[in-house]
There are 2 protein chains.
Amino acid sequence: MKRRQPIAPLDTDPPAAGKTPAARAAAAKAGPRKRDNVGAADARIYDAIFQAVMLHRLKPGMKLPEPQLCELFGVSRTLVRKALQRLAGDHIVDLRPNRGAVVASPTPEETREIFAARRAIEAAIMPLVIANATPARIKVLREAIDAEHEALHQPSQREWAQRAGGFHTLLAEQGGNRVLAAFLTQLMSRCSLIVALYEAPGDALCEHEEHAELVARIATGDTAGAIALMDAHLHALEARIRLPKPEEAPDLAALLGLGA
Amino acid sequence: MKRRQPIAPLDTDPPAAGKTPAARAAAAKAGPRKRDNVGAADARIYDAIFQAVMLHRLKPGMKLPEPQLCELFGVSRTLVRKALQRLAGDHIVDLRPNRGAVVASPTPEETREIFAARRAIEAAIMPLVIANATPARIKVLREAIDAEHEALHQPSQREWAQRAGGFHTLLAEQGGNRVLAAFLTQLMSRCSLIVALYEAPGDALCEHEEHAELVARIATGDTAGAIALMDAHLHALEARIRLPKPEEAPDLAALLGLGA
DNA sequence: CCGGATCTAACTGAATACAGTTTGATGTGG
DNA sequence: CCACATCAAACTGTATTCAGTTAGATCCGG
């Protein structure tokens with residue numbers, strides 16, 4: 001017999017899960033197909049997996065079997081597959097033909113490309129933020145930094161506040177370009193996978209001081225300075241990732257004792 | 001009775017289309033489910049629609065009814081829907097709940113955001129291209145420009161060669177960052193929709209001279225110059241789009257004769 | 001002849017059914 | 001005791017079915 005260990009780390013939210021297909025059918029019989037019941041179930045599944053990945057509760061390589069997701073969310077495979085396909089489109093899961101979905105594992109090469117892309121996007125966002133800056137918005141940024149700083153002391157909140165990357169997301173919002181913001185969202189989710197994969201010394205998190213200094217430069221309208229600092233900030237973050245180096249990434253011959 | 005005018009402008013490629021579901025079933029009966037027969041049918045559908053949009057054969061607002069796509073490609077709605085969902089994820093089609101898929105119509109606001117994002121991405125690509133530049137690669141770029149210039153004289157090829165934006169795609173490839181290249185691909189497809197929507201005087205195309213000058217700056221390693229020129233090039237392209245201005249974008253009151 | 005209610009074919013959304021594939025477990029020969 | 005063939009449960013891929021919605025066409029009153 002095959003093993004079937006359940007997926008714990010998912011937050012299934014609204015409709016109580018765990019119903020069997022039969023139970024689900026019975027419940028549905030109540031009214032003649034209630035439509036507005038829960039609506040976009042696939043979005044719930046997408047979000048639950050997305051958040052679980054951001055929080056490192058789902059780690060790279062973990063399997064996501066469709067039948068289990070069906071039970072957890074109380075829907076048919078149709079909607080589960082829809083969600084998984086969207087997640088695959090965003091490179092959060094990997095859909096291996098005939099072998100099911102797993103949480104994606106970015107390669108070292110992809111890692112470099114993702115960070116380079118992040119630097120490009122976030123640098124491009126800085127002038128937009130500065131152009132839109134108002135005292136009220138600067139205040140919002142400062143409060144976000146304080147909130148994250150605060151959250152560091154409550155261990156339970158810490159992961160979430162930091163890993164959601166609220167400050168960077170907030171900057172993208174203030175930039176006002178939703179296309180760039182969407183790109184950044186995707187890149188940040190992939191960064192979360194990278195951090196989970198190549199776990200760094202002391203867990204790779206953003207430096208608060210750099211965020212604060214960044215806001216200072218935004219407030220004074222120092223575009224070049226803000227871009228330079230953001231670039232350095234992201235380089236530092238990348239440097240904290242322990243990428244498997246060529247020497248650690250061992251060719252087969254050596255492992256087999258066939259080396260020089 | 002409802003009208004059902006067929007979708008002409010699609011290139012269905014491999015397996016002869018137009019089979020009825022019954023005919024398809026019969027054909028499949030031949031062997032006990034041949035698998036490697038055509039394989040990724042959804043990719044074929046995706047590509048066909050993608051290309052048709054790039055060539056402006058499918059224009060914004062056009063409906064894409066699932067049953068017709070099923071007949072055209074000889075598959076069930078399952079795969080058609082899969083392809084449409086991917087296209088929606090890339091903002092090439094718009095999935096209106098209960099009302100079917102249509103080719104997307106970017107708004108003026110989205111247009112500005114898309115072009116701003118394109119400038120950011122393509123600017124970020126320039127230093128990568130320069131860093132990777134070799135005489136051989138420069139030659140490839142020059143040949144691409146020549147080929148596009150050539151194609152201008154064959155009206156049949158003209159559209160394709162120009163609208164596919166081969167030169168920009170080639171730069172993205174030479175940059176060697178596949179994440180940025182993928183972002184650019186998406187942005188270029190959306191630009192194609194924009195051009196189709198807000199048709200410009202003389203059809204908005206890239207200036208060849210600017211491409212040639214760009215290669216010159218790449219060849220001499222003039223990073224700042226290349227970035228600046230690319231930025232200007234894309235600004236010029238955007239300027240050629242006739243965006244509906246506030247005065248053309250008519251408030252209802254005026255149209256009803258209730259204005260001042 | 002025009003505007004609006006009514007009907008229904010065509011269509012979309014989601015579940016289910018069915019055909020294959022993978023993969024771990026079991027059994028067997030060396 | 002281990003390597004390998006065999007088997008079946010669990011799972012994935014695609015088609016099909018069923019329920020509900022939309023929207024063009026028809027019918028009717030003014």
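We name chains A, B, ... by the order of the sequence lines, and we start the count at 1 in each one. Just so it is clear, the model here is predicted, and its values are computed rather than measured.
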Reading DNA chain C from 5' onward, which residue's closest nucleotide shows up sooner: A/Pro97 or B/Arg96?
B/Arg96

Tell me the interatomic distance from [X], atom [atom1], to [N], atom [atom2], rounded to whole angstroms.
| X | N | atom1 | atom2 | value |
| --- | --- | --- | --- | --- |
| B/Arg77 | D/dA15 | CZ | C1' | 11 Å |
| B/Ile45 | D/dT14 | CD1 | P | 10 Å |
| B/Glu71 | C/dC11 | CD | P | 9 Å |
| A/Lys63 | D/dA10 | NZ | P | 13 Å |
| B/Gln68 | C/dA10 | CD | C1' | 10 Å |
| B/Leu79 | D/dT12 | CG | P | 17 Å |
| A/Glu66 | C/dG20 | CD | P | 19 Å |
| A/Asn98 | D/dT12 | CG | P | 10 Å |

May I ask you to verify if any side-chain N or O of B/Lys82 is less than 4.0 angstrom from the OP1 or OP2 atom of D/dT14?
yes

Respond yes when some side-chain nitrogen or oxygen of A/Arg81 is under 4.0 Å from OP1 or OP2 of D/dG13, and no when none is.
yes

Any N or O donor-acceptor pair under 3.5 Å from the base of C/dA14 to the side chain of A/Ser76?
no

Indicate, yes or no, whether a donor-acceptor pair under 3.5 Å links the base of C/dG13 to the side chain of B/Arg99.
no

Name each donor-acceptor pair under 3.5 Å that joins a side chain in residues 86-93 of chain A to protein atoms two or more places apart or in another chain, with its distance.
unit_1: A/Asp90; atom_1: OD2; unit_2: A/Tyr46; atom_2: OH; d: 2.5

Are the side chains of [X] and [Y] in touch, meaning some heavy atoms are under 4.5 Å apart?
| X | Y | answer |
| --- | --- | --- |
| A/Val103 | A/Leu193 | yes |
| A/Leu128 | A/Leu180 | yes |
| A/Leu184 | A/Leu171 | no |

Secondary structure of DNA chain D in dot-bracket form (Watson-Crick or G-U wobble, distances below 3.5 Å, | marking inter-strand pairs)
||||||||||||||||||||||||||||||

Can you measure from CZ (A/Arg112) to CD1 (A/Ile241) and round to the nearest 0.5 angstrom?
12.5 Å

List the atom of B/Leu197, the atom of B/Pro106, and the distance in Å for their closest heavy-atom pair.
CD1-O, 3.4 Å

Applying salt bridge (charged side-chain N to carboxylate O under 4.0 Å, His left out) to B/Glu109 and not counting sequence neighbours gives A/Arg178

